[in-house]
Protein chains: 2
Amino acid sequence: MSHHHEIVEALQQIGYRLTPQRMMILDAIASGDGHTSAEEIHEAVRAAYPYLDISTVYRTLGLLKALHLVSETDLGSGHAQYELLSKGLHHHLICRECGGILDVDNSFLNPLRQAIDQEHDFHAEIEHLAIFGMCNACNANLRG
Amino acid sequence: MSHHHEIVEALQQIGYRLTPQRMMILDAIASGDGHTSAEEIHEAVRAAYPYLDISTVYRTLGLLKALHLVSETDLGSGHAQYELLSKGLHHHLICRECGGILDVDNSFLNPLRQAIDQEHDFHAEIEHLAIFGMCNACNANLRG
DNA sequence: TGTCAAGTGCAATTCTGTTGCAGAAACCAG
DNA sequence: CTGGTTTCTGCAACAGAATTGCACTTGACA
């Protein structure tokens, strides 16, 4: 575990500084469940280091996004959620009725990727997808 | 054209009122290019009727969304964009490099829909999808 | 250890979207 | 056409996420 330290050191080699704040923010994202908001990251780090400012969280997330080290997803809740891309990639099915979230394996999207590549000459980078719909239970309830 | 008047009249039959504001907002969405933000709709209608408030735009969009008459998509710009669903459904490939947008036919997603339905008992409502990536031209340029 | 650019904390601000409320107006009945 | 009811609108205040300017701090490297 803690292989995200490699990420931080890689950052350093590209020319970015290795600050405690950045390490703690990466820790927080890595130890989260994969649906971590900027505010949650802020709270988590502040438990150990109360001076961390939310703007630093956003600036770090912006950096990690630009380098494709984390993915940003809006699950419809109005605030974005972040996830380490080095963890196993997966996507989400979100039920409009009960709000439940199911995980979908990344391999499900391979046929779509291939089709887009062949038909449109376009290399799709589908890092983290949120698909809305209705789960089976809610579907049954609405009809019963 | 202007077949969105049918939509407004359909609204009326479900019990909603036929107000000039709603008609003008639908006009604005329908005459847009399919990537119209709430603020753009507001501006467009205010050109003819300066008293329209932005909250009315949001309330109308919320209503149309709930009835699945318009789709809401976040193309990553931080503000949602709206499109009439009665227009032919399509999705977008957005190149991270040049910003170009390609349209993808809705049928491309059918295999994904079926797979999700079978494997996860989940009815996916993929109305308007934005997929980021790299187009062929930019891919070639970066390597050249 | 000293230098300096990158990074941080703080505070103020911007921006999108929401909400409470009073008045306006669409719809329906008569 | 008129009156009554309920929805809808405009206004203004508000909420919350994210951004920015600026002075101070600190990591990296000679």
Side-chain angles (χ1 to χ4, degrees), chain A residues 5 7-29 35-67 69-82, chain B residues 5 7-29 35-46 48-67 69-70 72-82:
Chain A
H5 285 154
I7 295 181
V8 192
E9 283 156 24
L11 274 186
Q12 187 179 16
Q13 296 197 329
I14 323 177
Y16 296 98
R17 291 197 183 153
L18 193 50
T19 70
Q21 288 90 339
R22 281 176 180 169
M23 289 194 290
M24 295 167 92
I25 288 171
L26 261 167
D27 269 346
I29 304 175
H35 309 124
T36 316
S37 70
E39 191 53 47
E40 284 166 351
I41 295 170
H42 188 208
E43 292 300 325
V45 177
R46 274 163 77 95
Y49 174 67
Y51 299 108
L52 183 80
D53 193 78
I54 187 74
S55 65
T56 300
V57 177
Y58 281 114
R59 282 189 275 230
T60 303
L61 287 173
L63 173 64
L64 297 173
K65 260 194 301 176
L67 296 170
L69 293 173
V70 305
S71 68
E72 182 189 37
T73 314
D74 185 353
L75 262 49
S77 57
H79 57 298
Q81 303 188 313
Y82 300 87
Chain B
H5 284 155
I7 296 181
V8 192
E9 283 156 24
L11 274 187
Q12 188 179 16
Q13 296 197 328
I14 323 177
Y16 295 98
R17 291 193 183 160
L18 192 51
T19 70
Q21 288 90 339
R22 283 177 178 168
M23 289 195 287
M24 294 167 92
I25 289 172
L26 261 168
D27 269 347
I29 305 174
H35 308 125
T36 316
S37 70
E39 191 53 48
E40 285 166 349
I41 295 169
H42 188 208
E43 291 300 325
V45 177
R46 274 164 76 96
Y49 174 67
Y51 299 109
L52 183 79
D53 193 77
I54 187 72
S55 64
T56 299
V57 176
Y58 281 114
R59 281 190 274 231
T60 302
L61 287 173
L63 173 64
L64 297 173
K65 260 194 300 176
L67 297 171
L69 293 173
V70 305
E72 182 188 37
T73 314
D74 185 352
L75 261 50
S77 57
H79 56 298
Q81 304 187 314
Y82 299 87

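Below, chains carry the letters A, B, ... as their sequence lines are ordered, and counting in each starts from 1. All values below were derived from every heavy atom in this structure, side-chain atoms included, with hydrogens, water molecules and symmetry-related copies excluded.
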* To do: Please state how far atom CD in Gln13(A) lies from atom P in dA28(D), giving the value in whole angstrom units.
  => 12 Å

* Five-pair end axes of the helix from dT1(C)-dA30(D) to dG30(C)-dC1(D) and the angle they enclose, rounded to 10° -> 40°

Got a list of protein N/O to nucleotides 22-26 of chain D N/O distances below 3.5 Å?
none

* To do: Give the rounded distance in Å between these two atoms: CD1 of Ile41(B) and P of dT9(D).
  => 14 Å

Table please: side-chain donor-acceptor pairs of residues 12-22 of chain B below 3.5 Å, with sequence neighbours left out.
from: Thr19(B); atom 1: OG1; to: Arg22(B); atom 2: N; distance (Å): 3.2
from: Arg22(B); atom 1: NH1; to: Arg17(B); atom 2: O; distance (Å): 3.0

* Asked: Looking for any heavy atom pair under 4.0 Å, which part of the strands does Glu39(A) touch: base, sugar-phosphate only, or nothing?
  -> nothing

* **Sorted by number, the residues of residues 48-55 of chain A with heavy-atom contact under 4.0 Å to DNA chain C** => Tyr49(A), Tyr51(A), Leu52(A), Asp53(A), Ser55(A)

* Would one find a side-chain N or O of Gln21(A) under 4.0 angstrom from OP1 or OP2 of dG9(C)? -> yes

* Asked: Which residue pairs pass the salt bridge (Lys or Arg N to Asp or Glu O under 4.0 Å) test when at least one of the two sits in residues 41-66 of chain A, sequence neighbours left out?
  -> Lys65(A)-Glu72(A)

* Structure fact -> Residues at least two apart in sequence or cross-chain that pass side chain to side chain contact (heavy atoms under 4.5 Å, CB included) with Ser71(A), listed by chain then number, are Thr73(A), Glu83(A), Leu85(A), Glu127(A), His128(A)

* Do the side-chain N or O atoms of Tyr58(A) get closer than 4.0 angstrom to the phosphate oxygens (OP1, OP2) of dT19(D)? -> no

* Would one find a side-chain N or O of Thr19(B) under 4.0 angstrom from OP1 or OP2 of dC8(D)? -> no

* Looking only at heavy atoms, which two atoms of Ile25(A) and Val57(A) are closest? And how far apart? -> CD1-CA, 3.9 Å

* Kindly point out which of dA17(D), dG27(D), dG17(C) is positioned nearest to the side chain of Leu18(A)? => dG27(D)

* To do: With the side chain counted from C-beta on, respond yes when Leu63(B) and Leu69(B) share a heavy-atom pair under 4.5 Å apart, and no when they do not.
  => no

